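Here's the structure we're looking at; comments come further down.
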Amino acid sequence: MKVLVATEKPFAKAAVDGIRRIVEDAGYTLCLLEKYTDKAQLLEAVADVDALIVRSDKVTAEVVAAARNLKIVVRAGAGYDNVDLAACTARGIVVMNTPGQNSNAVAELAIGMMIFMARNQFTPGTGSEIKGKRLGIHAYGNVGRLVGRLGKAMGMEVSAFDPFVSDSSVFEADGVKQVSSVEELYAGSDYVSLHIPATEQTRKSIGYALLTSMPKGATLVNTARKEVIDEEGLSKALAEREDLKYITDIAADTQAALSEQFGKRVFATAKKMGAETAEANINAGLAAASQIVDFFRTGNTRFQVNK
Ligand code: 3PG
């Protein structure tokens, strides 16, 4: 059995060592394709593998077609919008993610980004504190929940909106106010931290109306996906409201233009780094390897996302 780890953005060495141990202990062979620069390298590498571990690497219909023996793809991380689920399902290939495994790293970055913007991107000048500010969590999943708890620990007033979490005790347990609409969340938050996945429903769903409804001096923090932002609406809102700020871990398609026009009111990391900690790499990478071994041995499909 061949397991390929294909990571354009490689895991930390300790994570790769751990994955290798799990795969080889099971009697399987580990293949490694790291830092590839061309799709052709991925197409060649998947040709004879039975299992595939990826991060944000694009598992397109073309990749699936080239992977003639493929039985399982595990996205070592949360969002699986990079995997063509329909193409996998059509071939009977199981797709899984590793929910929660890199959440703490992303949550810590979200808080760090708030402080970074509150302190003038760590350049001279008077900043502000996040203590006492209103933090709105948009989607209360694994990451959102951790951001909420960290925000509370920092003395923020935290509220959250998640249309898929109907059980109010989830919010109550964290001392977080549950709001009933996305409009209410944005209108009442000095900081909004985005944690929605990129789906047909959420694409370009955050734009001019929501941004301009935010209070004076508000900041939108995006550690989710660039696709959920309506970039035209974002640009228009920033142009109209000179007090608004936007920080993202996934550069916008129009990032250069945004930075040129709005200067230090916008910021994007050079490369998505939310899950870029040794801990998150180890957690997600080892979970992915274990899920593959478990799937082949026992048929466990607990984390399958294309059921
Ligand atoms: C995720 O969905 O798990 C995060 O966006 C992390 O993505 P990455 O593995 O490409 O860093």
Side-chain angles (χ1 to χ4, degrees), residues 3-16 18-19 32-37 39 42 51-60 63 73-85 88 95-113 137-147 162 164 193-203 206 220-229 247-253 255 268-292 303-306:
V3 180
L4 172 68
V5 174
T7 46
E8 180 270 323
K9 188 172 65 181
F11 288 121
K13 186 181 177 303
V16 177
I19 293 170
L32 207 51
L33 176 69
E34 291 182 321
K35 291 188 187 172
Y36 57 94
T37 49
K39 186 178 67 177
L42 180 59
L52 175 61
I53 296 176
V54 291
R55 295 185 64 175
S56 290
D57 307 81
K58 293 204 180 342
V59 184
T60 59
V63 172
V73 177
V74 181
R75 192 282 191 242
Y80 46 87
D81 46 305
N82 52 316
V83 181
D84 188 327
L85 292 189
C88 289
V95 181
M96 297 185 188
N97 64 352
T98 64
Q101 299 292 348
N102 59 18
S103 303
N104 189 67
V106 181
E108 286 188 12
L109 182 72
I111 296 289
M113 285 181 144
I137 313 281
H138 190 171
Y140 210 58
N142 289 313
V143 184
R145 211 166 164 177
L146 286 168
V147 173
D162 192 323
F164 299 104
S193 192
L194 265 177
H195 302 291
I196 53 177
T199 64
E200 281 315 308
Q201 291 72 41
T202 63
R203 261 170 236 279
I206 313 300
L220 178 65
V221 179
N222 185 3
T223 55
R225 290 290 182 270
K226 70 174 178 185
E227 289 81 2
V228 303
I229 302 291
I247 181 163
T248 181
D249 189 30
I250 320 92
D253 292 333
Q255 195 65 45
T269 54
K271 195 171 178 82
K272 187 166 67 158
M273 57 178 286
E276 284 293 74
T277 65
E279 293 89 339
N281 283 185
I282 291 167
N283 291 342
L286 271 59
S290 299
Q291 286 171 211
I292 286 170
F303 296 111
Q304 185 173 356
V305 294
N306 64 337

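Residue numbers start at 1 and run along the sequence shown. Please read all numbers here as calculations on a predicted model, not as lab measurements. We count ligands from 1, going down the list as the structure has it; atoms in each ligand are counted the same way.
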Counting non-hydrogen protein atoms only, what is the nearest one to [atom]? Give residue, atom name and distance.
| atom | result |
| --- | --- |
| atom 1 (C) of ligand 1 | Arg75 NH2, 3.3 Å |
| atom 10 (O) of ligand 1 | Ser56 OG, 2.5 Å |
| atom 11 (O) of ligand 1 | Lys9 NZ, 2.8 Å |
| atom 3 (O) of ligand 1 | Ala78 N, 2.6 Å |

Using a strict cut-off of 4.0 Å, indicate which atoms of ligand 1 neighbour a heavy atom of [X].
| X | value |
| --- | --- |
| Ala275 | 6 (C), 11 (O) |
| Gly79 | 1 (C), 2 (O), 3 (O) |
| Arg225 | 1 (C), 2 (O), 5 (O) |
| Gly77 | 3 (O) |

Report the part of [X] in contact with ligand 1, treating N, CA, C, O as backbone and CB onward as side chain, heavy atoms under 4.0 Å; options are side chain, backbone, both, neither.
| X | answer |
| --- | --- |
| Asn102 | side chain |
| Met273 | neither |
| Glu276 | neither |

*Can we say Glu34 and Lys13 salt-bridge, meaning some charged N sits less than 4.0 Å from an Asp/Glu carboxylate O?*
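Salt bridge flag = no for Lys13 with Glu34.
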*State plainly whether the residues Lys271 and Glu8 are in salt-bridge range, i.e. N to O under 4.0 Å.*
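Salt bridge present between Lys271 and Glu8.
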_Polar contacts were defined as any N/O atom of the residue lying under 3.5 Å from an N/O atom of the ligand; does this apply to Ala224 and ligand 1?_
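No, Ala224 has no N/O under 3.5 Å of an N/O on ligand 1.
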*asked:* Donor-acceptor pair, distance only, cut-off 3.5 Å: does the side chain of Arg75 make one with the backbone of Val83?
replied: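 Absent.
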